[in-house]
*Asks:* 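Structure incoming, see below.
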Amino acid sequence: MAHSDNYSIMLHGGAGALDNVKDDKTAVRYLESIRSILEHGRKVMTLGGSALQAVETCASLLEDDPVFNAGCGSVLNENGKVEMDAAIMDGRDLSAGAVAAVDNIANPIQLARLVMTESEHVMLIAEGAMRFADHCGMERAPEHYFYTPDRVEQLRQARLQHKIMLDHDDTEEDSEDQKYGTIGAIARDPQGNLAAATSTGGIVNKRMGRVGDSPIVGAGVFADNETCAVSATGYGEDFMRTVISKTISDFMLMRDMNASQATQAGIDYLTRKVKGRGGVIVIDKQGNCSSGFTTKKMIHGWIEHGSKPVVRF
Ligand code: ASP
């Protein structure tokens, strides 16, 4: 019998040096958002919701918070436009839904879920994804919903330096003080089902049409009841080339590693192969929570086996 309090939830809100978090007020702002959204996830679980429902709820709330690079806080591309990517995966049967290069959608994770449940496909992109959103009756959010003064300034800085920047980059040339602000939510429900969701605005000043790891099954997101749920944040190109989320799952499946061993093995592989920059959150099939990152910090938090939430950089 499943114990109703044996659920685990993990969230991330981006990795990097986080040198923009210089004062306690900013730090508290990030951590309190993570903590309160974890509590929303707990509510879903205690009301009998599934891991899938919990990750969709938590990812939607993270998308609604403008401090994170997803949904309304998405960064701007080279044309000053928002293009968002998102994916969700159900570990029960490996069903997955993803969208890439979408705009004017307040919650791309919800559109990804509709791709999973209401279409015969795994991924829809750009205009096709938008038409599908219309078909599903999803409302379009107005342009001004996405354009925060911070994002406009961030793009101006990136253009001045003729470079692609990552969210909350500190704008100094060759700086390592970068933050990759994608959001992610993973969960295991008391029935032992795993689910994962990742959503992002991508990277600042990215080329139009650039798609990162976040909507790619096995790269930025993965869930399989037999192994684990994973969500990644960081330089997407590194994660795509190492298929990092599936690699971590494979360490469990084929080498019988536990959550922390597989996470560490994944981070070692990411570093050894491509000097990858970013991090991952992982919940294994027993509900054990683990995280790893190659950047100085990663905003993340978790509820392990129904316990009190822990939040940290
Ligand atoms: N992984 C995301 C991307 O490359 C960026 C991030 O994590 O902030 O699109």
Side-chain angles (χ1 to χ4, degrees), residues 10-18 20-21 30 34 59 62-63 65-78 81-87 98-103 108-109 112 123 125-126 150-151 154-155 158 163-170 176-186 196-222 230-246 248 266-267 270 274-281 291-300 313:
M10 272 192 109
L11 308 177
H12 71 71
L18 285 162
N20 59 325
V21 185
Y30 280 113
I34 296 284
L62 288 161
E63 288 175 336
D65 187 335
V67 299
F68 300 113
N69 170 21
C72 67
S74 291
V75 299
L76 306 178
N77 73 6
E78 61 178 355
K81 300 274 181 214
V82 163
E83 282 189 334
M84 299 169 287
D85 305 333
V99 291
V102 295
D103 53 18
I109 202 68
M123 183 185 283
I125 66 161
D150 286 354
R151 294 308 185 202
Q154 201 179 32
L155 177 63
K163 69 170 188 171
I164 292 170
M165 279 169 52
L166 293 113
D167 182 28
H168 294 243
D169 201 338
D170 82 343
E176 288 184 359
D177 300 338
Q178 298 172 333
K179 171 178 171 285
Y180 312 85
T182 292
I183 66 89
I186 57 175
T198 307
S199 180
T200 189
I203 54 181
V204 187
N205 205 19
K206 66 184 179 181
R207 279 184 192 277
M208 185 185 167
R210 177 265 188 188
V211 176
D213 62 306
S214 308
I216 309 290
V217 169
V221 67
F222 194 70
V230 186
S231 175
T233 175
Y235 197 72
E237 281 71 5
D238 298 341
F239 291 158
M240 289 156 95
R241 292 189 291 143
T242 51
V243 202
I244 192 66
S245 298
K246 178 70 163 81
I248 288 171
I267 291 294
L270 180 74
V274 298
K275 294 193 176 65
R277 289 155 290 168
V280 290
I281 52 172
S291 61
F293 40 98
T294 63
T295 44
K296 282 192 212 156
K297 293 173 189 160
M298 178 169 73
I299 304 168
H300 62 302
F313 290 117

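Whatever order the structure lists them in is the order used to number ligands and atoms, beginning at 1.
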*Asks:* Would Y235 count as being in polar contact with ligand 1, using the rule that some N or O on each side must be under 3.5 angstrom apart?
*Replies:* no

*Asks:* What do we get for R210 next to ligand 1 when only non-hydrogen atoms under 4.0 Å count, side chain, backbone, both or neither?
*Replies:* side chain

*Asks:* Which atoms of ligand 1 have any heavy atom of G234 under 4.0 Å away?
*Replies:* 1 (N), 2 (C), 3 (C), 4 (O), 5 (C), 6 (C), 7 (O)

*Asks:* Which residue from D238, I216, D213, I203 reaches closest to atom 1 (N) of ligand 1 through any of its heavy atoms?
*Replies:* D213

*Asks:* With the threshold set at 4.0 Å, does a side-chain nitrogen-carboxylate oxygen contact exist between E237 and R210?
*Replies:* yes

*Asks:* Within a strict 4.5 Å, meaning less than it, do heavy atoms of the L11 and I183 side chains meet?
*Replies:* no

*Asks:* Any idea which atoms of ligand 1 are less than 4.0 Å away from a heavy-atom of T182?
*Replies:* 1 (N), 2 (C), 5 (C), 6 (C), 7 (O), 8 (O)

*Asks:* Parallel under 30°, tilted from 30 to 60°, perpendicular over 60°: which one fits the rings of F68 and Y30?
*Replies:* tilted

*Asks:* For D85 and ligand 1, does the shortest N/O to N/O distance drop below 3.5 Å?
*Replies:* no

*Asks:* Please lay out, stage by stage, how M84 and V99 fare under the test side chain to side chain contact (heavy atoms under 4.5 Å, CB included).
*Replies:* CA-CA 8 Å; M84 299 169 287; V99 291; over 6 Å; no

*Asks:* For T200, what residues pass the side chain to side chain contact (heavy atoms under 4.5 Å, CB included) criterion, not counting sequence neighbours?
*Replies:* N69, D85, T182, S214

*Asks:* Got an N/O contact under 3.5 Å between T233 and ligand 1?
*Replies:* yes

*Asks:* Under the side-chain hydrogen bond (donor to acceptor under 3.5 Å, both in side chains) rule, collect the residues that match up with S291, sequence neighbours excluded.
*Replies:* H300

*Asks:* If you apply the rule side chain to side chain contact (heavy atoms under 4.5 Å, CB included), what do you find for S245 with V221, and how did you get there?
*Replies:* CA-CA 6 Å; S245 298; V221 67; 5.6 Å; no

*Asks:* Would G236 count as a polar contact of ligand 1, with the cut-off being nitrogen or oxygen pairs under 3.5 Å?
*Replies:* yes

*Asks:* Non-hydrogen atoms of G220 versus ligand 1: any pair closer than 4.0 Å?
*Replies:* no

